[in-house]
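Ligands are counted one by one from 1 in listed order, and the atoms in each one are counted from 1 as well.
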Amino acid sequence: MNKIIVANWKMNGSQPFIQEFFRAWEKPNNQNKVIFCPPFPYILLVKQFCSLVGAQDCHEQDQGAFTGNVSAKMLHDLGCLYVILGHSERRQYHQESNQLIQKKAENAQKNGLTPIICVGENLECRQSHQAIPTVLAQLAESLPIAGDMIIAYEPIWAIGTGLTATTREIAEMHQAIADVYPNVPILYGGSVTADNAAEIMAISHVDGVLVGGASLKPEALMRISA
Ligand code: PGA
């Protein structure tokens, strides 16, 4: 089965870094989709090296007096095909609500982008056995009503920590999500590395991975995508 690999570079990179990265990068020799999501200023540069490019956020309106924001319409104009929305770092540091994420996702779709909508529970929620209902409630409020979309399940406690959910935790969550959204691809994210990616992607209903730290290393990302 073809997998989707999303490289979330977060607020990292520079022009020399990107030149260097793509000197070492070779597209995997398979049907997997590798989607690069650099910071806004580098979208056009990354576009020179690969066709599947996305952004890490967008505004919920097309244009207007919103200093510092970038719209889905602009991203589409640059050739982006995807946008990550509702990442836990946006929810935490920019107080983004499910309702706002849903508006952004619908605006992204209207402008021809596929939203990659992130959800996930915190550690307290996982420990109190509320992870599945919490994630399903997030999805019910933040997904657009219809249309193309991708779900990314990212337990917050696994992001950038070196901790990954167990195979069983991932399998249970992805099954629960797939029961409600059978036609939507579901990615796993949170400390995915070249060493654990194959095992994670072998779990049923895991359609790919959303990779942060490891996606900044071409060799690691090539192994994940292979
Ligand atoms: P990580 O980040 O792979 O560095 O844990 C994942 C993410 O935040 O999407």
Side-chain angles (χ1 to χ4, degrees), residues 3-13 17 21 25 32-40 42-43 46 52-58 80-96 98 101 104-105 108 113-123 125-126 131 134-135 138-139 142-143 149-167 169-170 173-174 177 184-203 206-226:
K3 300 293 184 184
I4 301 169
I5 291 95
V6 179
N8 176 14
W9 281 2
K10 309 194 180 185
M11 197 170 72
N12 293 295
F17 167 85
F21 183 98
W25 169 254
N32 292 345
K33 281 186 184 175
V34 184
I35 302 167
F36 285 93
C37 298
F40 293 133
Y42 301 124
I43 286 171
V46 169
L52 301 181
V53 178
Q56 301 170 17
D57 180 43
C58 69
C80 283
L81 298 173
Y82 300 88
V83 59
I84 298 172
L85 293 173
H87 190 280
S88 66
E89 287 150 17
R90 300 288 317 170
R91 292 175 185 264
Q92 183 182 350
Y93 304 130
H94 299 267
Q95 289 76 45
E96 294 198 4
N98 291 328
I101 293 157
K104 290 181 175 202
L113 302 182
T114 300
I116 302 166
I117 296 150
C118 304
V119 289
E121 81 286 356
N122 62 24
L123 192 54
C125 177
R126 167 60 62 186
T134 299
V135 165
Q138 282 180 329
L139 287 168
S142 49
L143 290 191
M149 67 187 94
I150 296 172
I151 293 169
Y153 166 58
E154 300 201 292
I156 297 170
W157 48 272
I159 295 177
T161 56
L163 299 171
T164 42
T166 63
T167 301
E169 287 166 336
I170 298 173
M173 182 64 78
H174 281 242
I177 298 172
V184 181
I186 310 166
L187 314 183
Y188 171 81
S191 298
V192 173
T193 63
D195 292 330
N196 63 23
E199 197 184 328
I200 291 171
M201 284 193 278
I203 300 170
V206 176
D207 301 302
V209 286
L210 201 164
V211 190
S215 75
L216 292 160
K217 301 179 201 114
E219 314 74 35
L221 191 64
M222 285 189 304
R223 275 180 61 204
I224 292 169
S225 314

By salt bridge (charged side-chain N to carboxylate O under 4.0 Å, His left out), which residues pair with R91, not counting sequence neighbours? none
Pairwise side-chain contact, Y82 with I84, heavy-atom cut-off 4.5 Å (strictly under): no
Check ligand 1 for N or O atoms under 3.5 Å from a protein N or O and list each pair with its distance.
residue  : atom  : partner : partner atom : Å
ligand 1 : 2 (O) : K10     : NZ           : 3.4
ligand 1 : 3 (O) : G212    : N            : 2.8
ligand 1 : 4 (O) : G213    : N            : 2.8
ligand 1 : 5 (O) : G160    : N            : 2.6
ligand 1 : 5 (O) : S191    : N            : 2.8
ligand 1 : 8 (O) : K10     : NZ           : 2.7
ligand 1 : 8 (O) : H87     : NE2          : 2.7
ligand 1 : 9 (O) : H87     : NE2          : 3.2
ligand 1 : 9 (O) : E154    : OE1          : 3.4
ligand 1 : 9 (O) : E154    : OE2          : 2.6

side-chain contact (heavy atoms from CB on, under 4.5 Å) filter on I4, not counting sequence neighbours, yields V6, I35, I150, P185, L187
Restricting to side-chain hydrogen bond (donor to acceptor under 3.5 Å, both in side chains), what partner residues turn up for N12, sequence neighbours left out? none
Measure centre to centre between the rings of F21 and Y42, then say whether the value is under 6.0 Å. no
Smallest separation among heavy atoms of A105 and S142, with atom names: CB-O, 4.4 Å
